[in-house]
Amino acid sequence: MRELFLILSMLLALAGGAQGQTIPAHAQHYPNISNMVVTYGITGEPSTLAPGIRQWFGGRFDRVLGPGVGPKDGKTWWLDYTDMAGVYAAGVYGVQSLAAANGFAYEGMLLHTSVDMQYRTPPWKDMQQFDAFESSSNPGNYLTAIHGVFTYSGGSYTDVTVKSYTGPSVAVTNALYVGYMEPFDQMNIVIQTPRYGGNATYQYWNGSGWISLVPQLDSTNGLSATGRVYFYPPGDWAPTVVNGSKSKFWVRVTVSGATTYPAYSKLYGDDWSVSSGQNNARGWNGAVPPCPAPIPPGTACRMNVGTRMEYDPYPPANASAKFKYQSRATGVWSVNYTFGNPSNIQNGVRTWARFLSETAAATLSATGEEGIMFDDAGTTLAGAVIAPANP
């Protein structure tokens with residue numbers, strides 16, 4: 001037994017119709033809540049122990065689910081499923097949408113760490129890809145990411161999201177659109193063909209038009225050399241849709257008048273895993289004063305306070321997140337997973353509970369099913385023991 005779950009009582013209607021060896025029936029534990037266990041590797045136990053294991057489960061749980069169990073057990077049916085504790089990268093768009101619809105500050109709906117820390121397994125992977133949050137079919141796989149980078153030429157867009165991250169080459173003959181679900185502060189570019197002549201300019205979307213973006217540093221010299229374009233996030237930066245993308249933050253790079261137009265082999269943002277010492281996850285510094293203007297180098301302060309662009313240009317070594325989202329608390333069993341914050345209350349609403357309930361309602365409405373299972377995200381019961389074959 002690996003995980004324990006709670007599921008809705010509506011699952012009771014799905015019992016029956018089983019064939020083969022069944023789990024014995026018993027009285028439900030509670031009138032409105034069913035206790036469920038999800039088993040992993042149940043098909044690997046010795047065949048002589050299988051009847052006893054199934055009987056033990058059947059006497060203690062209202063539902064049993066897992067590989068090799070299936071509907072044949074009579075008390076089991078996989079309806080639909082969602083993690084109860086958090087979301088993977090692509091699921092954050094759903095959190096964002098619910099927050100916008102209810103007037104929540106959505107970063108508050110998620111858990112964060114206050115200092116850099118170390119996880120046994122890498123907490124983040126390929127999160128520096130533009131855009132790691134949007135995928136065509138397999139969220140979390142950088143090869144299926146879409147709508148993160150577009151080239152624009154001759155009146156049409158070309159999606160170069162994967163090529164921008166893996167190569168081999170992307171030519172910029174007019175404009176380049178670089179987008180990310182969250183505000184960002186840098187574009188790292190490996191130039192393959194340097195720009196000669198003309199110029200390259202940077203712009204951001206402020207909600208009504210494209211506005212000039214002046215970098216703090218441009219070691220690429222306008223796409224003429226390998227380097228980094230680094231900038232402070234503008235306070236009026238607004239997400240928008242480009243060529244059918246999800247709504248995200250964009251920087252537009254326009255190259256004009258060049259004798260030789262540039263091409264690059266790799267384009268990426270900030271690596272969430274870069275932290276202090278032996279740590280592999282970032283923390284968010286606590287309350288610090290707003291930044292003065294101009295910002296003295298090395299000053300601990302906060303820009304754009306109270307907005308999604310809130311930013312710490314000089315974070316301390318032990319809490320190295322520049323944006324709060326870079327400090328999201330993650331799971332130890334899988335990369336790119338963010339925990340929800342069950343204690344967060346906004347406008348009198350427990351926000352994570354609202355997210356779970358609306359996720360369930362939308363799923364059930366779309367599928368016509370009668371219940372949904374909420375995964376407790378991998379918690380193992382301390383000291384749990386499988387009873388012998390003859391309990």
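When a residue number appears, it is its place in the shown sequence, counting from 1. Computed from a prediction, not measured in an experiment: that's the story for all the values here.
Under a 3.5 Å cut-off, the side chain of Gln118 and the backbone N or O of Gln278 do form a donor-acceptor pair. Using modelled atom types, one side-chain atom of Ser275 and one backbone atom of Ala281 make a donor-acceptor pair closer than 3.5 Å. Not a single donor-acceptor pair under 3.5 Å links the side chain of Asn285 to the backbone N or O of Pro315. Panel note: side chain Thr307, backbone Met309; a donor-acceptor pair is recorded below 3.5 Å. In this structure, the side chain of Glu134 does not engage the main chain of Ala90 through any donor-acceptor pair within 3.5 Å. Counting only distance, with no hydrogens or angles, the side chain of Ser219 and the backbone of Arg228 share a donor-acceptor pair below 3.5 Å. Side chain of Arg195 to main chain of Gly198: a donor-acceptor pair is present (N/O by atom type, distance under 3.5 Å, no hydrogens or angles). A donor-acceptor pair under 3.5 Å is absent between the side-chain atoms of Ser114 and the main chain of Trp284, judged by distance alone. Looking at Asp116, its side chain does come within 3.5 Å of a backbone N or O of Ser276 through a donor-acceptor pair.
A centroid separation of less than 6.0 Å is found between the aromatic rings of Phe184 and Phe130.
Relative orientation of the Tyr311 and Phe323 rings is tilted, given thresholds of 30° and 60° on the angle between their planes. The aromatic rings of Phe133 and Trp272 sit tilted, their planes meeting at an angle between 30° and 60°. Between Trp237 and Phe231, the ring planes lie perpendicular to each other; the angle is over 60°, past the 30° to 60° tilted range.
A donor-acceptor contact closer than 3.5 angstrom is absent between the side chains of Ser265 and Gln192. Counting only N and O atoms by type, the side chains of Arg354 and Asn102 include a donor and acceptor under 3.5 Å apart. Defined by atom type and a distance below 3.5 Å, a donor-acceptor pair is present between the side-chain atoms of Ser164 and Tyr264. For the residue pair Asp236 and Tyr204, a side-chain donor N or O sits within less than 3.5 Å of a side-chain acceptor on the partner. A donor-acceptor pair shorter than 3.5 Å cannot be found between the side chains of Thr338 and Arg328.
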Apply side chain to side chain contact (heavy atoms under 4.5 Å, CB included) to residues Leu267 and Val178 and explain how you reach the verdict. CA-CA 9 Å; Leu267 167 64; Val178 181; 3.8 Å; yes
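Taking a cutoff of 4.0 Å between a charged side-chain nitrogen and a carboxylate oxygen, Arg308 and Glu107 do not qualify as a salt bridge.
Listed by chain and number, the residues in a ring-ring contact (aromatic ring centres under 6.0 Å, His included) with Phe104 amount to none (sequence neighbours excluded). Under the side chain to side chain contact (heavy atoms under 4.5 Å, CB included) criterion, Val162 pairs with Leu143, Thr166, sequence neighbours left out. In this structure Tyr202 satisfies the ring-ring contact (aromatic ring centres under 6.0 Å, His included) test with no other residue, sequence neighbours excluded.
The minimum heavy-atom distance between Pro239 and Trp205, with the atom names listed, is O-CD1, 4.4 Å. Closest approach of Trp352 and Val87 over heavy atoms only: CH2-CG1, 4.0 Å.
Using a 4.5 Å cut-off on side-chain heavy atoms (C-beta onward), Gln203 and Val251 make no contact.
The distance from the CD atom of Glu310 to the NZ atom of Lys324 is 7.5 Å, given to the nearest 0.5 Å.
In this structure, Lys248 forms no cation-pi arrangement with Tyr180, as its terminal cationic atom is not both closer than 6.0 Å to the ring centre and no more than 45° off the ring axis.
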